[in-house]
Participant: 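Handing you a structure now.
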Amino acid sequence: MEINSSNTLEWSILIFILLGLFYGALAIKNEKRVFLQNLKTFHIKQFKLKIPSWWGLEKDTVSPTKSSFIRKDTRYDWRASFEWFNLEDKDKNLSGRDLFIEIIKSKEIFFDEVGSVIHTRPFPQFDRPHLQTARVEGMATQFGTERIYYDAFIVLDKRVNGYLLCESRSSVLNGMVEGPYFEEVIKSIEIKNI
């Protein structure tokens, strides 16, 4: 049985492609473990955040009550911000959900009816009598013309009359890339006892 050079080339290409797919599968399988091993810690008020290593801190946004992050390894349109606000007198009687609705209205964000999700179950660490949470994510239009992917989460702390607003804002396609990591960050928020 003779193997000509054409068949050898075809088999070599096939083997190269299969090895590439195998390597890609291993990288994807280990992605979450690598992500969890390389987290950076940031503190905002009584909250401890665990941030992915590839999120770059925007230096001009750093304060004890605010931090904003961008991707430092790419140039696409995405930003996550975490900011503490003290409640204004007019907002002190609002529930976490109602306050969240007011914030989104003030930012002129209008969600698409299809493809947007309002999350109703709080993460376990926020299941405390003095905390109220709300979260929404999906495609939206901001300022009447700009298409965005917006994922936001609020933690209202009635004990200290303030709230933490966590936002991930990007172009429609880029939000789906960073969305799972933003969700991991808000899922892993730790709260110091005051």
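Along the sequence shown, residues are numbered consecutively beginning with 1. What you are looking at is a predicted structure, and each value in this text was computed from that prediction instead of being measured.
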Participant: Going by heavy atoms in the side chains, are L99 and L87 under 4.5 Å from each other?
Facilitator: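 Yes. Closest side-chain heavy atoms under 4.5 Å.
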Participant: Got D151 and R135 here, is their nearest side-chain heavy-atom distance under 4.5 Å?
Facilitator: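 Yes, close enough: below the 4.5 Å cut-off.
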Participant: With clusters defined by side-chain heavy atoms of hydrophobic residues (ILVMFWY) lying less than 4.5 Å apart, directly or transitively, does L21 cluster with I13?
Facilitator: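 Both belong to a single hydrophobic cluster.
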Participant: Taking all heavy atoms of L131 and all of F126, pick out the closest pair and write down the distance.
Facilitator: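 Answer, listing the atom of L131 first, then F126: CB-O, 3.7 Å.
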Participant: Are L94 and L165 grouped together when hydrophobic residues (ILVMFWY) are joined by side-chain heavy atoms under 4.5 angstrom apart?
Facilitator: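 Linked within one cluster.
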Participant: I want to check something: taking the side chain as every heavy atom from C-beta on, are Q132 and K158 in contact at a cut-off of under 4.5 Å?
Facilitator: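 A side-chain contact under 4.5 Å exists here.
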Participant: Measure the shortest side-chain to side-chain distance between S68 and R79 over non-hydrogen atoms and say whether it is less than 4.5 angstrom.
Facilitator: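 Yes - at least one pair of side-chain heavy atoms lies under 4.5 Å apart.
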Participant: Using the side chain to side chain contact (heavy atoms under 4.5 Å, CB included) rule, take S67 and I44 through it: C-alpha gap first, then chi angles, then the decisive distance, then the call.
Facilitator: CA-CA 8 Å; S67 291; I44 297 177; 4.2 Å; yes
Participant: Could you tell me how the ring of W54 sits relative to the ring of Y181: parallel (under 30°), tilted (30 to 60°) or perpendicular (over 60°)?
Facilitator: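 Because their plane-to-plane angle is over 60°, the rings of W54 and Y181 count as perpendicular.
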Participant: Picking from Y150, W55, F69, what satisfies ring-ring contact (aromatic ring centres under 6.0 Å, His included) with W78?
Facilitator: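 Checked Y150, W55, F69 against W78; only one passes ring-ring contact (aromatic ring centres under 6.0 Å, His included): W55.
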Participant: What distance do I109 atom CD1 and F111 atom CZ have between them, rounded to the nearest 0.5 Å?
Facilitator: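 It comes to 6.0 Å.
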Participant: Not counting sequence neighbours, list each pair that qualifies as a salt bridge (charged side-chain N to carboxylate O under 4.0 Å, His left out) and has a residue in residues 101-116.
Facilitator: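 Qualifying pairs, neighbours excluded: K107-E167, D112-R147.
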Participant: Using a 3.5 Å distance criterion without hydrogens, assess whether the side chain of E146 forms a donor-acceptor pair with backbone atoms of T141.
Facilitator: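 Looks like no, no N/O pair under 3.5 Å.
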Participant: Once you round to the nearest 0.5 Å, how far does CD1 of I70 lie from CD of E58?
Facilitator: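 Spacing of CD1 (I70) from CD (E58) equals 5.0 Å.
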Participant: Where do C166 and I189 come nearest, in terms of heavy atoms and distance?
Facilitator: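 So the minimum-distance heavy-atom pair works out to SG-CD1, 4.1 Å.
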Participant: Do side-chain atoms of S95 reach the backbone of D98 as a donor and acceptor pair under 3.5 angstrom?
Facilitator: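 Between the backbone of D98 and the side chain of S95 there is a qualifying donor-acceptor contact (under 3.5 Å).
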Participant: Would you say T133 and I154 make side-chain contact, with heavy atoms under 4.5 Å?
Facilitator: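 No, their side chains stay 4.5 Å or more apart.
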Participant: With side chains defined as the heavy atoms from C-beta onward, is the minimum distance between H43 and L49 less than 4.5 Å?
Facilitator: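 In short, these two side chains do not touch, never coming nearer than 4.5 Å.
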Participant: What are the two closest heavy atoms between S188 and K50, and how far apart are they?
Facilitator: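 Smallest interatomic distance, heavy atoms only, reads OG-CB, 3.9 Å.
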Participant: Do I103 and I148 land in one hydrophobic cluster if side-chain heavy atoms of ILVMFWY residues count as linked below 4.5 Å?
Facilitator: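 Yes, because I103 and I148 connect within a single hydrophobic cluster, where side-chain heavy atoms sit under 4.5 Å apart.
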Participant: Do the side chains of I186 and F123 get nearer than 4.5 Å, heavy atoms only?
Facilitator: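 Counting from C-beta outward, F123 and I186 do come under 4.5 Å.
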Participant: Without hydrogens or angle criteria, can the side chains of Y149 and E137 be said to hold a donor-acceptor pair below 3.5 Å?
Facilitator: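 Yes, side-chain donor-acceptor contact under 3.5 Å.
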